[in-house]
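Side-chain atoms are counted along with the backbone in the values below, which use heavy atoms only and exclude waters and symmetry mates. Here is the naming used below: chain letters follow the sequence lines, and residue numbers restart at 1 for every chain.
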There are 2 protein chains.
Amino acid sequence: MITREHEGNPVRSLSGAVWGFDFPEGAPTDPGVCPVRDVLDRVGQKWTLLILISLDSGPKRFSQLQRMVGDISKRMLTQTLRQLERDGLISRTVYPTKPPSVEYALTLLGESVLAPIAQLTSWAEDHHDDIRQAREKFDGLIE
Amino acid sequence: MITREHEGNPVRSLSGAVWGFDFPEGAPTDPGVCPVRDVLDRVGQKWTLLILISLDSGPKRFSQLQRMVGDISKRMLTQTLRQLERDGLISRTVYPTKPPSVEYALTLLGESVLAPIAQLTSWAEDHHDDIRQAREKFDGLIE
DNA sequence: CAGCATCCGTTATGATACTG
DNA sequence: CAGTATCATAACGGATGCTG
């Protein structure tokens with residue numbers, strides 16, 4: 001739900017029929033109350049998608065992911081992996097070898113989110129020419 | 001394409017068959033080269049979706065949007081609208097009345113992006129219980 | 001009404017060094 | 001190997017005041 005409890009505020013519903021959820025006034029983007037917001041935020045984060053996509057081809061170890069994703073720092077890799085783990089999208093398994101190795105893998109939930117994400121990236125692929133042209137036109141006009 | 005020109009870098013393709021694009025090493029998230037990244041960034045931005053959804057029910061004026069979206073500042077509303085206009089997702093029409101009124105509306109491109117976005121928000125709706133439970137479990141374990 | 005300019009605090013991200 | 005800790009910086013976002 002894109003909603004926020006905001007006592008005493010008038011609530012007007014927008015496109016509820018189309019979107020399947022109500023869309024009241026107040027700040028509909030308050031995280032912690034709005035899981036849609038959470039998901040959207042994750043998607044927008046710099047490394048989340050790259051990691052999920054990397055894991056789509058099977059479980060990977062920490063350093064393996066770091067090489068696959070490219071120039072991500074250990075700091076951001078750790079942070080993003082933790083978030084994804086907390087959200088239940090990936091699993092983390094420690095093998096007590098020496099030195100230790102840790103394996104990350106998509107959970108069923110993590111696999112399921114890749115479908116709608118693929119829709120979005122597919123749209124981007126299909127329309128990036130339109131977007132590029134629109135930008136050139138726009139930038140040409142303002143100068 | 002989630003790619004970056006990174007001269008002299010070895011390029012390994014990941015899941016190209018599944019994702020419809022190559023996914024080389026280097027920093028695949030460099031904006032300006034990667035429209036997918038662009039779109040994803042927009043989606044993750046705080047107000048983009050709320051504005052697009054608001055416009056889904058028909059053209060709106062500036063102050064009308066500000067009321068609908070809730071507590072967005074004029075600054076952010078202007079900024080986000082400009083971006084969307086530049087990307088060709090919305091149109092901006094100025095009516096030279098006094099005082100002036102400006103109407104924003106979805107373009108065909110803007111309408112088309114709402115479909116994949118609806119997929120994603122729908123997924124979030126369907127699975128927000130799973131996510132919430134995963135978080136509780138995770139947070140319970142680390143304390 | 002519909003902005004734009006400015007200031008300023010918060011958050012996101014990166015670089016680097018250290019550890020079990 | 002797989003992190004953690006610390007520091008620095010850049011991008012984001014909000015508040016306010018001004019203007020055609």
Side-chain angles (χ1 to χ4, degrees), chain A residues 4 26-32 37-38 40-51 54-55 59-86 90-105 138 141-142, chain B residues 4 26-32 37-38 40-51 54-55 59-86 90-105 142:
Chain A
R4 176 169 83 159
T29 58
D30 203 2
R37 184 73 261 157
D38 285 339
L40 263 21
D41 285 345
R42 293 279 181 282
V43 169
Q45 281 172 348
K46 198 168 179 180
W47 304 108
T48 305
L49 269 193
L50 280 310
I51 291 175
S54 295
L55 289 176
K60 302 282 178 299
R61 294 177 51 180
F62 186 89
S63 50
Q64 211 175 347
L65 279 173
Q66 191 170 20
R67 280 189 298 274
M68 285 180 79
V69 172
D71 54 7
I72 186 175
S73 64
K74 282 194 288 188
R75 185 179 180 281
M76 290 316 295
L77 183 55
T78 301
Q79 196 173 101
T80 310
L81 286 171
R82 283 288 177 286
Q83 272 188 336
L84 291 173
E85 188 194 356
R86 189 174 106 97
I90 66 174
S91 64
R92 175 177 181 272
T93 312
V94 181
Y95 295 99
T97 55
K98 214 174 179 342
S101 74
V102 181
E103 190 178 84
Y104 294 91
F138 185 91
L141 290 178
I142 58 176
Chain B
R4 177 170 82 161
T29 58
D30 203 2
R37 184 71 260 159
D38 285 340
L40 263 22
D41 285 345
R42 293 279 180 282
V43 170
Q45 281 172 351
K46 197 169 178 179
W47 304 108
T48 305
L49 270 193
L50 280 312
I51 291 175
S54 295
L55 289 176
K60 302 281 178 301
R61 293 176 52 179
F62 186 88
S63 50
Q64 211 174 349
L65 279 173
Q66 190 169 22
R67 279 190 298 274
M68 285 179 79
V69 172
D71 54 7
I72 186 175
S73 63
K74 283 194 289 186
R75 184 182 183 277
M76 291 316 296
L77 182 55
T78 302
Q79 197 173 102
T80 310
L81 286 171
R82 282 289 174 285
Q83 273 187 336
L84 292 173
E85 187 194 355
R86 190 174 105 97
I90 65 175
S91 63
R92 176 176 181 273
T93 311
V94 182
Y95 294 99
T97 55
K98 212 172 183 336
S101 76
V102 181
E103 191 178 84
Y104 293 92
I142 59 177

Quick check for you: to the nearest 0.5 Å, what is the distance between [X] atom [atom1] and [Y] atom [atom2]?
| X | Y | atom1 | atom2 | value |
| --- | --- | --- | --- | --- |
| B:I72 | B:R67 | CD1 | CZ | 13.5 Å |
| A:L49 | A:S54 | CG | OG | 10.0 Å |
| B:Q83 | B:W47 | CD | CH2 | 14.5 Å |
| B:K46 | B:M76 | NZ | CE | 8.5 Å |

Taking atom [atom2] of [N] as reference, at what distance in whole Å does atom [atom1] of [X] sit?
| X | N | atom1 | atom2 | value |
| --- | --- | --- | --- | --- |
| A:L77 | C:dA15 | CG | P | 14 Å |
| A:L81 | D:dC1 | CG | P | 16 Å |
| A:Q66 | D:dG3 | CD | C1' | 10 Å |
| A:M68 | D:dA2 | CE | P | 14 Å |
| A:K98 | D:dA2 | NZ | P | 14 Å |

Write out a two-atom table: protein N or O, nucleotide N or O from nucleotides 10-14 of chain C, distance below 3.5 Å.
| residue | atom | partner | partner atom | Å |
| --- | --- | --- | --- | --- |
| C:dT13 | O4 | A:R75 | NH2 | 3.4 |
| C:dG14 | OP1 | A:K46 | NZ | 2.6 |
| C:dG14 | OP2 | A:W47 | NE1 | 3.1 |
| C:dG14 | N7 | A:R75 | NH1 | 3.4 |
| C:dG14 | O6 | A:R75 | NE | 3.0 |

Give a yes or no answer on whether the side chain of [X] reaches the backbone of [Y] with a donor-acceptor pair at less than 3.5 Å.
| X | Y | result |
| --- | --- | --- |
| B:Q64 | B:R61 | yes |
| A:Q66 | A:L77 | no |
| A:E103 | A:V94 | no |

For this session: Test side chain to side chain contact (heavy atoms under 4.5 Å, CB included) on B:L65 and B:L55 and set out the steps.
Result: CA-CA 8 Å; B:L65 279 173; B:L55 289 176; 3.9 Å; yes
For [N], does either OP1 or OP2 sit under 4.0 Å from a side-chain N or O belonging to [X]?
| X | N | result |
| --- | --- | --- |
| B:Y104 | C:dG3 | yes |
| B:S63 | C:dC1 | no |
| B:R92 | C:dG3 | yes |
| B:T78 | C:dG3 | no |

With the criterion being N/O to N/O and under 3.5 Å, what pairs connect the protein with nucleotides 17-19 of chain D, and how long is each?
none

Exercise. Are A:R37 and B:L50 close enough, and set up right, to give a side chain to side chain contact (heavy atoms under 4.5 Å, CB included), and what steps lead you there?
Worked result: CA-CA 10 Å; A:R37 184 73 261 157; B:L50 280 312; 4.0 Å; yes
Exercise. Through what angle, rounded to 10 degrees, does the axis of the helix from C:dC1-D:dG20 to C:dG20-D:dC1 turn between its ends, using five pairs per end?
Worked result: 40°
For this session: May I ask you to say what A:Y95 touches in the nucleic acid, namely base, sugar-phosphate or nothing, with a heavy-atom cut-off under 4.0 Å?
Result: nothing
Problem set entry | From CA spacing to verdict: salt bridge (Lys or Arg N to Asp or Glu O under 4.0 Å), A:D38, A:R42 | CA-CA 6 Å; A:D38 285 339; A:R42 293 279 181 282; 5.8 Å; no
For this session: Run the numbers on B:Y104 and B:I51 for side chain to side chain contact (heavy atoms under 4.5 Å, CB included), then give the verdict.
Result: CA-CA 10 Å; B:Y104 293 92; B:I51 291 175; over 6 Å; no
